[in-house]
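Beneath this line is the structure, given in structure tokens, with notes to follow.
These figures come from a predicted structure and were not determined experimentally. Read the numbers this way: they start at 1 and go in the same order the structure lists the ligands and their atoms.
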Amino acid sequence: MSQAPIPRPGILDIAVYVSGANQVGATTTLKQLSSNEGALGPSPAAVAALRAMAGDMHRYPDGGSTALRAALATKHGLDASRIVCGAGSDELIALLLKSYAGPGDEVLYSQHGFLMYPIGAKTVGATPIAAPETGLRTDVDAMLAAVTPRTRVVFVANPNNPTGSYLPPEEIARLHAGLPAETLLIIDAAYAEYAEGRNDYTAGIELVEAHPNVVMLRTFSKIYALAALRLGWAYCSAPVADVLNRVRGPFNVSLSAQVAGVAAVEDTEFLARSRAHNEAWLPWLTEKLTGLGLSVAPSAANFVLVRFPETPGKTAAEAWDYLAQRGVLIRKMASYGLPHSLRISVGPEDELQEAVRLLGEFLAA
Ligand code: PMP
């Protein structure tokens with residue numbers, strides 16, 4: 001008689017990643033402020049490019065994402081041969097871990113770092129190590145203190161999800177300087193474009209240019225508003241790009257993602273509008289929530305982490321239910337070890353107004 005195959009050690013320690021939308025069953029009728037997606041819908045140029053490629057979908061896409069890498073290289077002034085595209089930055093996180101960590105190795109990240117870091121580490125049999133944060137911020141000294149001879153990969157998200165905290169370039173450089181020469185530092189800059197306007201964010205690129213053991217990850221899921229197409233990219237040294245190109249699937253980025261990605265990169269007007277939306281509504285949301293008596297972590301991204309009281313009737317879990325029952329979906333944070341907090345994305349104006357109105361009603365009840 002056959003039986004279910006036994007997975008490799010560590011696989012069954014992984015808790016399934018439950019996305020914001022999967023916190024509830026059906027998603028389409030809800031106002032979704034749970035996954036930090038683009039607030040303005042996709043770029044109209046990206047939509048047009050996607051429609052125009054439909055007749056070519058019987059062909060395999062360009063396995064090297066050539067036009068997309070060229071567009072990114074031009075926009076950011078980078079070497080296209082050192083850009084590797086992936087099916088979301090999630091895929092690149094997984095490929096980097098598969099290439100550089102394995103059983104017996106440690107993968108270090110900051111306490112409230114993105115969930116795919118420990119999930120990806122366990123998937124390859126490595127041990128995830130969370131360094132403590134100080135006041136919901138990545139603590140470089142604590143990260144460095146947690147480094148051991150077995151630390152192979154270090155993740156730092158800047159700005160960080162879900163805290164929204166931002167590490168100045170000097171701090172990331174200090175983290176890099178304290179790591180062993182052969183340890184890989186991955187700067188996950190998924191939300192970099194939101195920080196750019198306020199903090200002149202370039203630290204990822206500068207460190208990659210200076211050191212072969214640094215990778216910067218970017219995504220099209222946030223400010224470029226193409227989350228459904230699954231598109232991300234890595235900028236890295238030539239040896240790391242070579243490794244990623246060996247281990248990735250031959251056609252890992254779909255044609256739809258490639259053509260929409262090129263259009264989105266070139267749509268600078270859409271990018272400026274998206275950034276302006278965030279610059280207006282992030283402070284608005286922070287101020288309104290603070291005004292309701294809630295504690296809001298300062299954010300450099302397109303979401304806020306909000307701490308709720310532990311008083312029965314006013315808790316985060318009850319607030320989440322209250323909003324969900326009224327059609328507004330925000331993100332529970334228990335899986336990040338923050339059971340008393342909820343994360344709210346800076347979505348469209350009407351959805352933000354509704355979320356704030358409902359939270360006011362909930363807290364006043
Ligand atoms: N890194 C961070 C910090 C994120 O918040 C996310 C998305 N939630 C990702 C990576 C993954 O993004 P994607 O796979 O959609 O590119």
Side-chain angles (χ1 to χ4, degrees), residues 17-23 32-39 42 65 68 72 83-97 107 109-121 123 128 130 133 136-138 153-167 172 185-195 201 203-204 215-235 244 248 252-254 256-258 260-261 264-265 278 297 299-305 329-333 335-336 338 343-347:
Y17 181 102
V18 179
S19 70
N22 288 159
Q23 294 175 138
Q32 279 190 56
L33 300 174
S34 56
S35 294
N36 309 335
E37 297 146 341
S65 300
L68 177 58
L72 288 166
I83 296 175
V84 180
C85 297
S89 38
D90 281 347
E91 185 192 20
L92 295 162
I93 292 169
L95 291 176
L96 286 162
L97 288 169
V107 171
Y109 62 103
S110 190
Q111 187 181 358
H112 298 116
F114 182 44
L115 276 184
M116 291 313 294
Y117 310 153
I119 290 178
T123 301
E133 284 176 357
L136 291 177
R137 298 180 61 81
T138 301
V153 177
V154 176
F155 283 98
V156 61
N158 201 33
N160 187 52
N161 171 25
T163 55
S165 66
Y166 173 79
L167 270 191
I172 299 196
L185 173 63
I186 301 175
I187 302 172
D188 182 346
Y191 301 94
E193 294 84 0
Y194 297 105
Y201 184 90
V215 176
M216 177 191 62
L217 295 181
R218 306 286 283 251
T219 182
F220 278 79
S221 301
K222 309 300 173 186
I223 209 163
Y224 286 100
L226 298 180
L229 298 184
R230 313 305 302 125
L231 183 58
W233 54 286
Y235 188 57
L244 286 173
R248 70 177 173 82
N252 61 328
V253 180
S254 71
S256 47
Q258 291 186 38
V265 168
N278 203 61
S299 172
N302 67 336
F303 55 83
V304 287
L305 184 70
L329 186 60
I330 58 179
R331 187 72 149 91
K332 289 179 192 168
M333 285 285 116
S335 56
Y336 281 89
L338 296 163
R343 194 190 65 199
I344 307 178
S345 308
V346 179

### Task
Determine, stepwise, if the pair L96 / V153 fulfils side-chain contact (heavy atoms from CB on, under 4.5 Å).
CA-CA 9 Å; L96 286 162; V153 177; over 6 Å; no
Tabulating one pair per line, provide the atom names and distances (0.1 Å) for every N/O atom of ligand 1 that is less than 3.5 Å from a protein N/O atom.
residue  : atom   : partner : partner atom : Å
ligand 1 : 1 (N)  : D188    : OD1          : 3.3
ligand 1 : 1 (N)  : D188    : OD2          : 2.5
ligand 1 : 5 (O)  : N161    : ND2          : 2.7
ligand 1 : 5 (O)  : Y191    : OH           : 2.7
ligand 1 : 8 (N)  : K222    : NZ           : 3.3
ligand 1 : 12 (O) : S89     : OG           : 3.2
ligand 1 : 14 (O) : S89     : N            : 3.2
ligand 1 : 14 (O) : D90     : N            : 3.0
ligand 1 : 14 (O) : D90     : OD1          : 3.4
ligand 1 : 14 (O) : D90     : OD2          : 3.3
ligand 1 : 14 (O) : R230    : NH2          : 2.7
ligand 1 : 15 (O) : S221    : OG           : 2.6
ligand 1 : 15 (O) : R230    : NH1          : 2.9
ligand 1 : 15 (O) : R230    : NH2          : 3.4
ligand 1 : 16 (O) : S89     : N            : 2.6
ligand 1 : 16 (O) : S89     : OG           : 2.8
ligand 1 : 16 (O) : T219    : OG1          : 2.5

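Between the side chain of N278 and the main chain of A301, a donor-acceptor pair closer than 3.5 Å is present.
A ring-centre distance under 6.0 Å is found for Y191 and F303.
Under the 3.5 Å distance criterion, with hydrogens and angles disregarded, no donor-acceptor pair is assigned to the side chains of N36 and R331.
E91 and R248 are not joined by a salt bridge, as no carboxylate oxygen comes within less than 4.0 angstrom of a charged side-chain nitrogen.
The side-chain heavy atoms of W233 and V253, taken from C-beta on, include no pair separated by under 4.5 Å.
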